[in-house]
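Written out below as structure tokens is the structure these notes cover.
None of the values given here were measured: they were computed from a predicted structure. Residue numbers count from 1 along this sequence.
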Amino acid sequence: MIKLNYSGISEADFLDAFQVLEECKTLNLPAHGFTRLFMSPGGQYSGCWWERDTSLATLGYLYKDQKFCEGVLLNFVDVQKENGRIPLWGGTDFPFENKDAEMSAIPVIFEVAYKICRRTNDKEYIGKVYEMLKRYHGWWMSDLKRDAKTGLVCGIFEECDPSDIKEQLTVAQPDLNVQLALGADIIRELAEYLGNREEASYYNDVFEDLKTRINKYMYEPTDGGYYAYMVKEDRRQTERIYNSMFDTFKRGIVPEERRDRLVELLKEEGAYNYYSEFGLRSMSKKSEEYVETVGLYKGYTSWCGNIWTLRNYIILTGLKECGYLEESAHVADQMLHVFCGNYAEFVSPTDGKGHGVFRYAWSASECIATMIEEIFGIDYCAWTDKLEVKPNLPKRLKGEKISIENVSLGNGNFVHVFVDWTGDEIVTTYGVTSQER
């Protein structure tokens, strides 16, 4: 069992995240085409898999059961359609404007699959996942989803957030196009590991092409932000000021010369809640659509102001990838403090109270991953058998000591990390054992 010493968050509240994931396991198999164990979203959504929720639930569970997480990806291999589409969810009684057969979910599975695959050197297994990801990416890049003029990919319903789009080829959203650019770069990395240089080169070109299109059509030079592109109206949707503009930090999609200005937008007073204790709002308070949802989930409006781990997680990881370590640690620390022990679907940016479904899988899972990977900086790659430990601490921890022990590397070993910031510099020590302490 993991042991944690982290100022302001109790070990019990952190470990409760693993208990949430246990509660979300669906044990009655087969279930909607899945023959291996998986996690449903939790609460009233339980009993079925959802592409987004079930994928994200594995991020934290990697640090308890690698094989379980590998099995979840094989479930998606099994239910993938002939044309490459992975359905939004496993159910059949959820019609959406008669477009169910044309719809998936925002494809967070690419990065999830990458994290799972990096922790195994079983090339046969990785090959199966690789083929699934290629086919899925190909479906997204088809004429059904891709605007012919801009080359951007358009989403409907929960293929993007806020999820209020009902007609195909209407709006190309930053969050969706960033996930597909990220997906292309991940497929490239998998291709390189599997020794397929030709396909690696192809997906590198796909990544660079999507990156160029995002920067051409979604960037608004008047304020330095990124906005959804209304392909039918040939304009940026600048009236919707959504924090998906910061997704572009992922893998350096936003050019270096634009990054500082984008960080300024993130920190803008009265916009995204950067200086509060609760985490980033999903929508700027300056947006005409801004609203705070209380109680149960109310559809797309619940994405128009509330705080979600999903939105915070992609931003803080992107900030770190672009070298904004202080900002990344700040957002990570905010998110952990408001969600640990309060694993709600979303929280209020006003008072930090949880709303929607409680005991929510992806909130718990992303808190685990954030603490281990982003704060303590633990990264293990089975492909190279290399372990790196590079903590990234928020400023408030100056003068303190923190530690995390018994973190599973997925190979039978456990890492233990101790960080001392009582002096002028951060001093990190760690060790690896074959058994828990």
Side-chain angles (χ1 to χ4, degrees), residues 52 88 96-97 99 102-108 110 140-184 209-251 253-255 258-259 261-262 265-266 268 271-272 280-291 299-306 308 310-312 314-315 318:
R52 175 159 58 169
L88 171 73
F96 177 73
E97 303 289 328
K99 291 184 174 63
E102 302 176 4
M103 184 171 60
S104 185
I106 189 165
V108 297
F110 290 110
W140 280 106
M141 302 298 283
S142 70
D143 292 342
L144 174 67
K145 294 293 182 181
R146 198 173 191 193
D147 175 58
K149 178 182 176 181
T150 65
L152 295 170
V153 180
C154 302
I156 59 173
F157 194 48
E158 292 187 355
E159 295 175 341
C160 56
D161 296 312
S163 50
D164 61 333
I165 307 301
K166 297 182 178 181
E167 296 297 327
Q168 300 282 11
L169 301 178
T170 300
V171 184
Q173 304 87 355
D175 55 351
L176 174 57
N177 281 269
V178 165
Q179 289 291 348
L180 290 169
L182 174 61
D209 180 66
L210 279 173
K211 178 178 172 180
T212 298
R213 295 175 189 278
I214 290 168
N215 282 298
K216 177 179 180 179
Y217 291 103
M218 294 182 170
Y219 178 69
E220 176 51 55
T222 59
D223 68 1
Y226 286 77
Y227 297 87
Y229 195 81
M230 312 285 286
V231 298
K232 290 184 177 180
E233 300 176 24
D234 193 26
R235 70 176 182 90
R236 283 177 281 277
Q237 194 179 14
T238 53
E239 68 274 16
R240 174 170 286 181
I241 314 172
Y242 196 63
N243 75 7
S244 63
M245 68 170 65
F246 307 115
D247 293 12
T248 56
F249 285 114
K250 292 295 288 185
R251 301 214 170 193
I253 290 173
V254 55
R258 295 178 180 176
R259 293 174 188 173
R261 193 178 183 193
L262 195 58
L265 289 181
L266 177 69
E268 187 178 4
Y272 296 101
L280 300 176
R281 296 183 177 105
S282 51
M283 184 173 284
S284 170
K285 203 168 184 180
K286 297 184 177 182
S287 178
E288 61 187 45
E289 297 176 286
Y290 181 85
V291 64
Y300 88 93
T301 57
S302 293
W303 295 94
C304 295
N306 293 97
W308 297 74
L310 171 72
R311 298 297 323 133
N312 280 251
I314 190 171
I315 294 169

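- If you take OG on S104 and CH2 on W140, they are separated by 5.0 Å, rounding to the nearest 0.5 Å.
- Inter-residue side-chain proximity for L265 and I241 is flagged as unmet; no heavy-atom pair is nearer than 4.5 Å.
- Residues T238 and D223 are not in side-chain contact: their nearest non-hydrogen atoms beyond the backbone lie 4.5 Å or more apart.
- Looking only at side-chain heavy atoms (C-beta outward), V171 and R240 stay at 4.5 Å or farther from each other.
- At least one donor-acceptor pair closer than 3.5 Å links the side chain of S287 to the backbone N or O of E239.
- No hydrogens or angles considered: a donor-acceptor pair under 3.5 Å links the side chains of D234 and Y229.
- Side chains of F249 and R259 form a contact here, defined as non-hydrogen atoms less than 4.5 Å apart.
- Rounding to the nearest 0.5 Å places OG1 of T248 at 12.5 Å from CG of L182.
- Counting only heavy atoms from C-beta outward, the side chains of F246 and V254 never approach each other to under 4.5 Å.
- Between Q237 and Y242, every side-chain heavy-atom pair lies at or beyond the 4.5 Å cut-off.
- Smallest separation of non-hydrogen atoms from G224 and L262: O-CD1, 3.4 Å.
- Using a 3.5 Å distance cut-off with no hydrogens or angles, the side chains of R258 and Y226 do pair a donor with an acceptor.
- In this structure, CG on D164 lies 12.0 Å from CD1 on I156, to the nearest 0.5 angstrom.
- In this structure, R52 does not pair ionically with D175, as no charged nitrogen and carboxylate oxygen lie closer than 4.0 Å.
- Using a 4.5 Å heavy-atom threshold, the side chains of M283 and P162 count as touching.
- G155 approaches I165 most closely through the heavy-atom pair O-CG2, 3.5 Å.
- The minimum heavy-atom distance between L176 and P107, with the atom names listed, is CD1-CD, 3.6 Å.
- The CE atom of M245 lies 10.0 Å from the CD atom of E220; values are rounded to the nearest 0.5 Å.
- The pair D147-R213 does not meet the salt-bridge criterion, since no charged nitrogen lies less than 4.0 angstrom from a carboxylate oxygen.
- Within the 4.5 Å cutoff, the side chain of M218 has heavy atoms near those of the L152 side chain.
- The existence of a salt bridge linking K286 and E268 is confirmed by a sub-4.0 Å separation between a basic side-chain nitrogen and an acidic carboxylate oxygen.
- For the atom pair CG (L210) and CE (M141), the distance works out to 4.5 Å, reported to the nearest 0.5 Å.
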Yes or no on side chain to side chain contact (heavy atoms under 4.5 Å, CB included) for I314 and Q179, after CA distance, side-chain angles and deciding distance? CA-CA 10 Å; I314 190 171; Q179 289 291 348; 3.3 Å; yes
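- For the atom pair C154 SG and Q173 CD, the distance stands at 6.5 Å (nearest 0.5 Å).
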